Trainee: 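Input: one structure, supplied below.
Keep in mind that what you see is a predicted model, and the values were worked out from it rather than measured. Computed from heavy atoms alone, side chains included, the values below leave out hydrogens, waters and symmetry copies.
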Amino acid sequence: MTLEEIHRQQPMPAGNDWVQGAGTALHELLVSAQRRGCLTAGVYESAKLMNVDPDNVAFCVLAADQEDEGDIALQIHFTLIQAFCCENDIDIVRVNDVAKLAAIVGPSEDSGEPRDLHCILITNPNEEGWKDPDLQKLNLFCEERRNVNDWVPTITLPE
């Protein structure tokens with residue numbers, strides 16, 4: 001039996017409520033993290049942060065539109081970031097709509113320019129005891145997806 005056959009035999013939860021719930025949780029987590037200053041956006045900025053302080057990274061979001069799928073350099077970066085996240089026990093998800101992500105996160109506060117949203121990291125704030133319920137929901141979602149060999153699940157953000 002192949003891995004694909006085993007994957008197809010896994011029972012799926014009824015309906016897509018759990019996927020929509022993950023999308024809503026991600027939306028709320030991004031808003032909360034940005035408000036707290038715990039959001040790092042950009043492939044290069046994220047790579048620098050992960051290199052300097054990987055223990056501070058709580059969650060990773062990779063985003064690409066359909067036209068980005070042909071960008072070989074971006075796909076190589078994604079592969080390296082995914083490997084790093086797996087090695088450091090950082091939960092990671094993909095989003096297929098950069099425009100929705102931009103609507104949530106918005107432009108850079110410093111310059112007002114659009115930012116690179118292909119990779120977003122949620123970091124742990126300096127505040128003790130910050131336990132975001134949406135982060136916990138997403139951690140549980142990622143754990144459940146790994147149990148059915150979906151190591152980087154795709155989440156759809158709500159409208």
Trainee: Which atom names give the shortest non-hydrogen contact between Ala58 and Asn124, and what distance separates them?
Mentor: CB-OD1, 3.4 Å
Trainee: Check the orientation of Phe78 and His118. Use parallel for under 30°, tilted for 30 to 60°, and perpendicular for over 60°.
Mentor: tilted
Trainee: At their closest point, which heavy atom of Ala41 faces which heavy atom of Ser46, and how far apart are they?
Mentor: C-OG, 4.5 Å
Trainee: Evaluate the side-chain proximity of Arg94 to Ile155: yes if any heavy-atom separation is below 4.5 Å, no if none is.
Mentor: no
Trainee: Side chain of Thr79, backbone of Gln75: donor and acceptor closer than 3.5 Å?
Mentor: yes
Trainee: Using the test ring pair (Phe, Tyr, Trp, His ring centres under 6.0 Å), find all partners of His27 that sit at least two apart in sequence or belong to another chain.
Mentor: none
Trainee: Going only through I, L, V, M, F, W and Y residues with side-chain contacts under 4.5 Å, is there a path from Leu138 to Val31?
Mentor: yes
Trainee: Evaluate the side-chain proximity of Leu26 to Asp134: yes if any heavy-atom separation is below 4.5 Å, no if none is.
Mentor: no
Trainee: Does this structure show an ion pair linking Arg115 with Glu45, if we count only N-O contacts that are shorter than 4.0 Å?
Mentor: no
Trainee: CG/Leu29 to CD/Gln136 distance, rounded to the nearest 0.5 angstrom?
Mentor: 10.5 Å
Trainee: Strictly distance-based, threshold 3.5 Å: is any side-chain N or O of Lys137 a donor or acceptor partner for the main-chain N or O of Ala25?
Mentor: no
Trainee: With a 4.5 Å cut-off on side-chain heavy atoms, are Lys100 and Val95 touching?
Mentor: no
Trainee: Is Leu140 linked to Ile122 within one hydrophobic cluster, defined over Ile, Leu, Val, Met, Phe, Trp and Tyr using a side-chain heavy-atom separation of less than 4.5 Å?
Mentor: no
Trainee: For Asp65 and Asp68, indicate whether the former's side chain and the latter's backbone hold a donor-acceptor pair under 3.5 Å.
Mentor: no
Trainee: Do Gln66 and Asn96 touch side chain to side chain, with heavy atoms closer than 4.5 Å?
Mentor: no
Trainee: Keeping Asp71 on the side-chain end and Ala73 on the backbone end, is there a donor-acceptor pair under 3.5 Å?
Mentor: yes
Trainee: Using the side-chain contact (heavy atoms from CB on, under 4.5 Å) rule, take Val57 and Asp53 through it: C-alpha gap first, then chi angles, then the decisive distance, then the call.
Mentor: CA-CA 7 Å; Val57 178; Asp53 192 9; over 6 Å; no
Trainee: Quick one: does Leu157's side chain get under 4.5 Å of Asp97's, heavy atoms only?
Mentor: no
Trainee: Which residue in the set Asp91, Thr154, Asp150 passes side-chain hydrogen bond (donor to acceptor under 3.5 Å, both in side chains) when paired with Arg145?
Mentor: Asp150
Trainee: Going hydrophobic residue to hydrophobic residue with side-chain gaps under 4.5 angstrom, can you get from Leu135 over to Ile92?
Mentor: no
Trainee: Quick one: are Ile81 and Cys60 in side-chain contact, heavy atoms under 4.5 Å?
Mentor: yes
Trainee: Out of the candidates Leu80, Leu62, Ile90, only one should pair with Cys85 under the side-chain contact (heavy atoms from CB on, under 4.5 Å) rule; please name it.
Mentor: Ile90
Trainee: Are Leu74 and Val152 connected, step by step, through hydrophobic side chains (Ile, Leu, Val, Met, Phe, Trp, Tyr) whose heavy atoms are closer than 4.5 Å?
Mentor: yes
Trainee: Within the 4.5 Å heavy-atom criterion, are Asn139 and Phe59 side-chain neighbours or not?
Mentor: yes
Trainee: For the residue pair Leu39 and Thr123, what are the closest heavy atoms and their distance?
Mentor: N-OG1, 4.4 Å
Trainee: Can you name the closest pair of heavy atoms from Asn88 and Pro54 and give their distance?
Mentor: OD1-CB, 4.1 Å
Trainee: When you group the ILVMFWY residues by side-chain heavy-atom contacts below 4.5 Å and let the links chain together, are Leu121 and Phe84 in the same group?
Mentor: yes
Trainee: Does the side chain of Leu101 come within less than 4.5 Å of Leu30's, by heavy atoms?
Mentor: yes
